[in-house]
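See below for the structure under consideration.
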Amino acid sequence: MSKLSEDIVLDAVCALDIPGANGRKVTRDMISGIAFKEVEGGRSVFLSLEVEGKTSTSESLRKAIEKAVSKLDGVVSASVVSTAHKSLPQSALAKVYKIIAVASGKGGVGKSTTAVNLAIAMSINGMKVGLLDADIYGPSIPRLLGIYEKPELDDDGRMIPIERHGIKVMSIGFLVPEDKPVVWRGPMVHGALNKLLHEVAWGELDILIIDLPPGTGDAHLTIIQQASLTGAVIVSTPQDIALIDARKGIAMFDKTNVPVLGVIENMSGFICPHCGERSDIFGAGGAEDEANKIGALFLGSIPLDLAVRESSDSGNPIVISQPDSAQAKIYMDIAERLKLGRIVNRAY
Ligand code: ADP
């Protein structure tokens with residue numbers, strides 16, 4: 001007769017299927033306690049079972065465990081106490097496979113316009129894409145995508161992202177009016193960004209693109225700590241002053257071990273819509289040189305272009321409103337060059 005031990009009991013219990021859980025088996029961490037009591041003819045076994053989910057599931061599992069344990073050698077009776085608790089919703093980011101931040105050293109360089117067009121380009125390429133506007137100081141995604149409704153809540157109380165042009169969108173701008181700038185203090189920034197990351201029903205996404213506020217500050221550190229970023233993409237205009245700020249952003253990602261996946265030069269040269277002549281208003285090639293210096297991929301240059309500005313400011317990004325234009329093709333190429341399939345999924 002084998003000597004009854006905790007391991008023998010656990011082995012018997014862990015071989016059992018959880019009712020209605022698609023073949024998932026009981027795991028050791030669901031058994032929070034085992035006790036034995038010597039009785040006439042053998043031992044009584046007492047187990048406490050921690051199970052999430054419906055009461056009916058825990059009740060049938062409780063009975064199945066009692067039955068299995070009673071059959072063991074030396075067991076006279078088995079009783080299971082279920083300490084069932086309310087099913088905890090899965091982490092909102094559990095099925096988000098890659099998270100990429102789009103960053104810039106300073107405001108107004110076209111970071112949000114780039115983030116929006118890239119997100120849509122990736123969705124056109126067949127990916128499931130989410131876009132989070134984390135620019136709490138000046139959320140512009142609602143305007144760039146023409147979204148003026150508020151998100152609804154799901155049964156777990158999570159905000160349901162608004163779907164536009166095939167992507168799931170969430171912005172602090174959905175929650176605070178654009179004309180009422182919010183003065184955020186450190187802990188409030190942290191709280192607001194946490195809400196946007198973790199209290200949103202993101203569902204399954206191949207990629208979540210986060211449009212960061214410009215610069216380097218509290219918000220960036222919160223996102224880096226909370227979102228387990230796959231990497232960052234830096235947007236800069238070509239002139240020196242923008243590049244100096246972009247360098248600070250790159251240094252921040254380096255220090256926090258977030259890989260810089262590439263650099264994009266925006267507003268790179270102006271093509272005159274009348275004569276077709278190119279003028280390098282802010283210079284050209286600065287961002288490419290910078291990318292080369294730090295060993296990051298140069299992802300491409302987007303010209304300063306009236307159609308990009310008009311389409312983006314009217315809520316119809318150019319990859320949607322003029323998909324066959326040369327400008328839309330540039331965004332599509334950049335999305336392709338990022339080759340997200342090759343970038344490893346994030347660690348949880
Ligand atoms: P940021 O997010 O860096 O503050 P935005 O994306 O909001 O910048 O862009 C600032 C302004 O520049 C917007 O009016 C936008 O339409 C315009 N813009 C962005 N990229 C381009 C471009 N390549 N050509 C013309 N206008 C652009």
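Every number for a ligand or one of its atoms is a count from 1 in the order of the listing. Because only heavy atoms are used, hydrogens play no part in the values below, and waters and symmetry mates are left out as well, while side chains stay in. This is a predicted model, so every value here is computed, not measured.
- The residues Arg158 and Glu152 are annotated as not salt-bridged, no charged nitrogen and carboxylate oxygen being separated by less than 4.0 angstrom.
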Inset, instruction - Under the salt bridge (Lys or Arg N to Asp or Glu O under 4.0 Å) rule, what do Asp11 and Arg28 come out as? Steps first, then yes or no, please. - result: CA-CA 9 Å; Asp11 285 348; Arg28 284 190 171 226; 3.1 Å; yes

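- Of all the atoms in ligand 1, the ones that sit under 4.0 Å from a non-hydrogen atom of Ile302 are 23 (N).
- The shortest N/O to N/O separation between Thr113 and ligand 1 falls below 3.5 Å.
- Contact analysis puts Pro303 in contact with ligand 1, with a non-hydrogen atom separation below 4.0 angstrom.
- Side chains of Glu265 and Ser268: a donor on one and an acceptor on the other come within 3.5 Å.
- Of the polar atoms of Val308, none of the N or O atoms is found under 3.5 Å from an N or O of ligand 1, judged by distance alone.
- Between Ile264 and Val233 there is a side-chain heavy-atom pair separated by less than 4.5 Å.
- Looking at Thr27 and Asp29, their side chains do bring a donor and an acceptor atom within 3.5 Å of each other.
- When heavy-atom distances to ligand 1 are checked against a 4.0 Å cut-off, Thr114 has no atom that comes that close, whether in backbone or side chain.
- Protein heavy atoms are found less than 4.0 angstrom from atom 22 (C) of ligand 1.
- Below 3.5 Å of separation, one finds an N or O of Ser312 facing an N or O of ligand 1.
- Here Ser112 has heavy atoms under 4.0 Å from ligand 1 in both its backbone and its side chain.
- The same ILVMFWY cluster, assembled from side-chain heavy atoms under 4.5 Å apart, contains both Leu153 and Ile172.
- Nearest to atom 13 (C) of ligand 1 among the protein's heavy atoms is Asp313 OD1, 3.7 Å.
- Judged by distance alone, the side chains of Asp211 and Ser112 do bring a donor and an acceptor atom under 3.5 Å apart.
- The shortest N or O to N or O distance between Gly110 and ligand 1 is under 3.5 Å.
- Close approach of ligand 1 to Leu304 (heavy-atom distance below 4.0 Å) involves ligand atoms 24 (N), 25 (C).
- Using a 4.5 Å cut-off on side-chain heavy atoms (C-beta onward), Pro259 and Phe253 make no contact.
- Side-chain atoms of Val45 and Leu47, non-hydrogen and from C-beta on, do get closer than 4.5 Å to each other.
- Checking only distances, Ser104 never comes within under 3.5 Å of ligand 1, N or O to N or O.
- The closest non-hydrogen atom to atom 12 (O) of ligand 1, taken over Glu310, Met267, Arg309, comes from Met267.
- Gly108 N, 2.9 Å is the protein heavy atom nearest to atom 4 (O) of ligand 1.
- A donor-acceptor contact closer than 3.5 angstrom is absent between the side chains of Asn316 and Ser321.
- Distances from atom 25 (C) of ligand 1 to the heavy atoms of Asn266, Val116, Leu306, Asp305 put Asp305 nearest.
- Close N/O approach between Tyr331 and ligand 1 is not found [any backbone or side-chain N/O within under 3.5 Å].
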